[in-house]
Amino acid sequence: MIDFHTHILPNLDDGARTIEEAQRLLKEARIAGFNGVVFTSHYVENYYETSVKEREIWLNSFSKKVREIRNVKMYLGSEILLSKNIMKQLETAQASTINNTSYVLFELPIDEEPEYLFECIYNLMKNKVVPILAHPEKCSYVQKDPDILYELVTKGVYIQADYGSIIGENGQRAKMLMEKMLESNLVHFLGSNVHRENTIYKFIPEILEIIQEKIGKEMLNELTTKNPELALNNKRITMREPKQIEFNIKEKIKMFFSK
Ligand SMILES: [Fe+2]
């Protein structure tokens with residue numbers, strides 16, 4: 001399995017703070033069953049702005065220090081906060097694509113209505129960049145209007161969901177939404193979004209069981225392993241036929257009254 005969304009590479013964002021902490025996180029990842037991790041440090045305009053070159057230097061020196069952690073491959077990426085300048089950030093080697101491929105992981109603001117979303121996606125696609133939206137189940141804007149996910153996927157946007165959302169780590173709304181997303185073929189990647197030790201990795205075996213129960217072994221394998229491998233090798237990923245998300249009235253009420 002490949003963990004497609006992590007904040008392990010130290011000192012670049014709000015993730016791991018020391019090399020030692022990052023080393024321990026990598027060990028946790030290995031124990032949880034991951035043999036590859038993508039370092040998707042935040043790229044936030046005017047806030048977290050470590051360039052690709054600097055990230056590569058960090059990755060190289062970190063890899064040398066953790067040689068003893070065998071069988072975990074490390075890949076560079078970014079988690080880019082939506083901005084009308086994403087294309088510029090990529091072209092000027094500020095933000096990284098995933099493993100230097102055409103795939104880009106981006107996130108929406110958690111509690112605000114995103115600006116320039118479709119404009120930005122159009123601009124990326126026009127430049128042959130393949131957008132992957134990070135953990136939309138956590139965004140209040142998407143929770144209020146889940147139809148947007150179907151719209152995005154039919155336009156060619158891939159979706160990454162956080163493992164923790166399915167066990168309620170990001171609230172009841174995110175949990176309910178992720179369940180629907182899985183059932184509706186609106187998830188293509190899974191990531192831990194790990195920042196700290198002793199958090200999400202210990203729940204991975206339990207989470208895998210829950211997800212497998214919902215979507216079956218084959219599709220779980222696509223989300224944890226096959227699709228990440230294709231993306232890391234810059235290969236095309238065939239999407240399963242997406243479906244519109246539907247909440248019945250009882251579920252709608254539950255969504256409305258939960259957090
Ligand atoms: Fe993240």
Side-chain angles (χ1 to χ4, degrees), residues 1-17 21-22 24-26 28-29 32 34 36-50 52 55 58-59 62 74-83 86 89-90 94-99 103-112 114 117 120 130-143 149 152 157-171 173-175 177-178 181 187-204 207 223-224 227-228 231-232:
M1 297 194 298
I2 292 161
D3 191 352
F4 206 73
H5 184 154
T6 75
H7 298 269
I8 294 179
L9 200 58
N11 289 320
L12 295 179
D13 60 5
D14 55 347
R17 293 155 293 188
E21 190 177 18
R24 291 193 293 270
L25 281 173
L26 265 192
E28 285 190 12
F34 295 103
V37 290
V38 189
F39 294 143
T40 51
S41 315
H42 287 289
Y43 188 92
V44 178
E45 208 164 32
N46 300 321
Y47 197 71
Y48 292 125
E49 290 191 314
T50 314
V52 176
R55 280 166 206 259
W58 270 106
L59 177 65
F62 181 66
M74 293 171 257
Y75 306 93
L76 204 60
S78 300
E79 179 186 17
I80 311 172
L81 180 63
L82 181 74
S83 146
I86 289 191
Q89 291 160 4
L90 293 167
Q94 289 303 303
S96 312
T97 66
I98 299 291
N99 197 32
Y103 288 89
V104 159
L105 184 71
F106 77 105
E107 66 172 340
L108 304 177
I110 289 291
D111 271 321
E112 292 161 39
L117 176 58
C120 176
V130 186
I132 304 172
L133 177 57
H135 49 60
E137 75 280 3
K138 285 164 62 172
C139 303
S140 55
Y141 172 70
V142 181
Q143 290 167 353
L149 294 174
L152 287 168
V157 177
Y158 292 84
I159 308 274
Q160 175 262 314
D162 279 1
Y163 283 103
S165 296
I166 204 72
I167 53 166
E169 264 212 337
N170 299 307
R173 282 184 186 168
K175 179 176 186 281
L177 183 53
M178 182 160 167
M181 286 161 63
V187 182
H188 309 96
F189 299 91
L190 290 165
S192 70
N193 201 359
V194 70
H195 286 70
R196 291 283 174 269
E197 286 170 73
N198 205 20
T199 55
I200 183 66
Y201 281 134
K202 63 183 173 193
F203 297 111
I204 294 293
I207 292 170
L223 272 44
T224 59
N227 291 349
L232 288 166

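Just so you know, residue 1 is the first one in the sequence shown, and it goes up from there. First listed ligand is number 1; within each ligand, the first listed atom is number 1.
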| query | So, does N227 use its side chain to make a donor-acceptor pair with the main chain of H188 at under 3.5 Å? | reply |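 The answer is yes, because a donor-acceptor pair under 3.5 Å joins these two groups.
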
| request: Give a yes or no answer on whether the side chain of S78 reaches the backbone of S96 with a donor-acceptor pair at less than 3.5 Å. | output: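 Checked: pair present.
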
| message | Exactly one of L76, V130, L105, L90 should register a side-chain contact (heavy atoms from CB on, under 4.5 Å) with T97. Which one does? | response |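 The passing option is L90.
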
| message | Quick check: do T6 and F39 have side-chain heavy atoms less than 4.5 Å from each other? | response |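 T6 vs F39: side chains touch.
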
| query | Would you say the side-chain atoms of H135 and E79 include a donor-acceptor pair closer than 3.5 Å? | reply |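 Looking only at side-chain atoms, E79 and H135 do form a donor-acceptor pair, the distance falling under 3.5 Å.
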
| message | Can you see whether D3 engages Y201 through a side-chain donor-acceptor pair at a distance of less than 3.5 angstrom? | response |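 Present: a donor and an acceptor within the cut-off.
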
| field | For the Fe ion (ligand 1), every protein N/O/S atom that sits closer than 2.8 Å, waters excluded | value |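 Listed by chain and number: H5 NE2, H7 NE2, E79 OE1, N193 OD1.
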
